[in-house]
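Just the heavy atoms: all of them, side chains too, but no hydrogens, waters or symmetry mates, feed the values below.
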Amino acid sequence: MDDYKTRIRQLRTELNRHNHSYYVLNAPTVSDFEFDAMMRELQELEAAHPDMADPNSPTQRVGSDLAQSGFAQVEHRYPMLSLANTYSPDEIREWYLRVQRGLGGEPFEVVCELKFDGTSISLWYDDGRLTRAVTRGDGVRGDDVTANVRTVRSIPLVLEGDGWPRSFEMRGEILMPWAVFDRINAEREEQEEPLFANPRNAASGTLKLQNSAEVSRRSLDAYLYYMLGENLPCATHYDNMQLARSWGFKVSGAMKLCRSLDEIVAYMDHWDTERKNLPVATDGMVLKVNSLAQQRSLGYTAKSPRWAIAYKFQAERACTRLLSVSYQVGRTGVITPVANLDPVQLSGTVVKRASLHNADIIAQLDLHCGDMVYVEKGGEIIPKITGVEESLRAVGTQPVRFITECPECGATLVRDEGEAAHYCPNSDGCPPQIKGLLEHFTHRKAMNIDGLGSETVALLYEKGLVRDVSDFYRLTVDDIAPLDRLGKKSARNIMAGLEASKSVPFARVLFALGIRFVGETVAKRLTAAFRDIDSLMSASYDRLVEVEEIGGRIAESVLEYFSNPAHRALIERLKEAGLTMVEEDTALLSDRLAGKSVVISGTFARHSRDEYKALIAAHGGKNVGGVSSKTDYLLAGDNMGPAKLEKAGKLGVRIITEDEFLTMIGEA
């Protein structure tokens, strides 16, 4: 009878061990195929036996694609103070001497660690299991991001070995590795979304996403660097961290125990260069007195511990000449100014170009043609101009003026109120926008048309075979086969890909149309709310902004797109081609909540918030984020926000408890 329980526990143990080997030790012990087979077996067993549900199961690493509605604020057990920091090796020596005086001359050791450039996290473990993950916040209170942190595969959900305290806290840094950062920025650039400035911003933004499945996809990493608790196993920081490594925590191998100032200086010199070869971003190093008793003796200032200090690396920058500014037109018409520079060596690479982002940045820098400019790498990867050496400016040079007409089609540029970017409004007549939209349409996240890469799409456009996306579905083998580097086999593959794309879901079709501000998530929201293309095309502004996460800017863009007769004609041609323009119905458990809007607030005993959202949808209801006069129920849990409660009372919205809700849907 209990065989399934034994097998589930066994699979969880094995998968946790394999996760640790792969993500922490970088030494996989099974093939991907074997790992995936075990994961599938565990998923099937858990689905068949919900009594064995466990938030710390390895199956939860993928996250949930149900949106969360904000993060609860949690008070830290121990305040998360900032460290005093310096850019000066001399000040490190001064700190060392202060520690020496503060300890009355008694011997002490210093643990030197790399300062990883991510976002701070506090992890709480009880009985060897992750129970809560909280951001730094203001140092006293932070956001509970446990659901998102469970997707970070280098963070153990269940500890290995033994000897860990019954209850303790681990602190560390959530990071986005360089390779992941590059991949995500490339994707964002392709979709003309704002690029992340550096991996720190990317990690911080990812950790605050409302969709934990997307957090999982972004492959965050983590290094842990400090243990706190009432009954720690060792009397020194270094020994505690070595034990933590044995329990499954990812602790940097760069951590070193130093017994003199000379050893500290040697460590600093080594990593100032070697850090550039690491797979993650670092912006300095941290020095900590090793003995916990000596840490307590040294104590704290009002803002930071006296027993630790951060040393920040100097940002590498170079001075070079601005040769010219050119302007690129993106898929959605956004104009990006690019600085063309005299080549200069920076952080191991030759930099020839740097983004100037928009007209405001150019104005702030007061750029003149021929200026000597300072170039840095934001996060040591994205070249940016940080200043101008005005003392070297030649007499009579002219300021850089942002263009007023599209460099490709000559249309007058537009800049919406409150927006930083200029864009070309001639979306149907500007060649880079047309080609960009054609490529976007075929992208794997959109229509996913096999064989239609960017080069082939450009060739089809240049030969006059496609002028808008509906033309793809008029192509024949005889049209494609004679083209350079193609042939009948490639042509047949493309035709098969076009045919397969007709079964792509409605949300991806809407995303593929390339409507300004309608990304993947917005497309899903719109198709869930309007179900078919005709309903969406006839939607009013007021109806659009009622949809969760659809603001005025998005609503206006949707209205503008569908008000264009050429776009409506395009939709009709795509319908005739057989593309999916209707959202598939999901099987409902019942219609008990049909037509009802429900707001969820607080924490619950029987189900998680995500589970309640799924139940509302499964019984025909609609999840909404904020209380309004159109809200039917406020599902109120513990620790709910007083503002929602007060607003519901004023508007006469019915407030229901967890038990009342379950009775309502027949699950009491």
Quiz item: In terms of side-chain heavy atoms, does Thr146 have a donor or acceptor partner in Asp144 at a distance below 3.5 Å?
Solution: yes

Self-check item: For Glu106, side chain to side chain donor-acceptor pair (under 3.5 Å) partners two or more places apart
Solution: Gln294

Practice problem: Have a look at Ser122 and tell me which of Arg77, Arg171, Glu169 forms a side-chain hydrogen bond (donor to acceptor under 3.5 Å, both in side chains) with it. | Solution: Glu169

Quiz item: Between atom CE of Met255 and atom OH of Tyr238, what is the distance when rounded to the nearest 0.5 Å?
Solution: 8.0 Å

Self-check item: Proximity of Tyr311 and Tyr267 rings by center, below 6.0 Å
Solution: no

Quiz prompt | Residues that Asn56 engages under side chain to side chain contact (heavy atoms under 4.5 Å, CB included), provided they are two or more places apart | solution = Asp54, Arg129, Leu130, Arg150, Leu157, Val158

Quiz item: Looking at Asp127 and Arg166, does any basic side-chain N land under 4.0 Å from a carboxylate oxygen?
Solution: yes

Self-check item: Asp239 side chain to Gln242 side chain, donor-acceptor N/O pair below 3.5 angstrom
Solution: no

Practice problem: Determine yes or no for a side-chain-to-main-chain donor-acceptor pair under 3.5 angstrom, with Gln295 supplying the side chain and Trp307 the backbone. | Solution: no

Quiz item: What distance do Leu298 atom CG and Arg296 atom CZ have between them, rounded to the nearest 0.5 Å?
Solution: 11.5 Å

Exercise. Report yes or no: does Thr151 contribute a side-chain atom to a donor-acceptor pair with the main-chain N or O of Asn148 at less than 3.5 Å?
Key: yes

Quiz item: Under a 4.0 Å N-O cut-off, is there an ion pair linking Lys524 with Glu520?
Solution: no

Quiz item: Are Lys288 and Glu113 close enough for a salt bridge, meaning some N to O gap below 4.0 Å?
Solution: yes

Self-check item: Any donor-acceptor N/O pair, His76 side chain to Arg136 backbone, under 3.5 Å
Solution: yes

Quiz item: Side chain of Arg592, backbone of His619: donor and acceptor closer than 3.5 Å?
Solution: no

Quiz item: Can you name the ring-ring contact (aromatic ring centres under 6.0 Å, His included) partners of Phe661, sequence neighbours left out?
Solution: Tyr612

Quiz item: Can you name the nearest heavy-atom pair linking Ala53 to Arg12, along with the distance?
Solution: C-NH2, 4.3 Å

Quiz prompt | Under 3.5 Å: donor-acceptor pair, side chain of Ser212, backbone of Val215 | solution = no

Quiz item: Does Thr119 reach the main-chain N or O of Ile174 with its side chain, forming a donor-acceptor pair under 3.5 Å?
Solution: no

Quiz item: Ion pair present between Lys250 and Asp221, side-chain N to carboxylate O less than 4.0 angstrom?
Solution: yes

Self-check item: Minimal non-hydrogen separation, Trp178 against Leu278, with atom names
Solution: CD1-O, 3.4 Å

Quiz item: Angle class for the Tyr226/His237 ring planes (parallel below 30°, perpendicular above 60°, tilted otherwise)?
Solution: tilted

Quiz prompt | Any donor-acceptor N/O pair, Ser154 side chain to Ala222 backbone, under 3.5 Å | solution = yes

Quiz item: ring-ring contact (aromatic ring centres under 6.0 Å, His included) between Trp247 and Phe168: does it pass, once the steps are laid out?
Solution: CA-CA 13 Å; Trp247 300 335; Phe168 70 104; 5.7 Å; yes

Exercise. Verify the distance criterion only: is there a donor paired with an acceptor across the side chains of Thr206 and Arg218 at less than 3.5 Å?
Key: yes

Practice problem: Find the distance between CZ (Phe249) and CG (Leu243) and round it off to the nearest 0.5 Å. | Solution: 11.0 Å

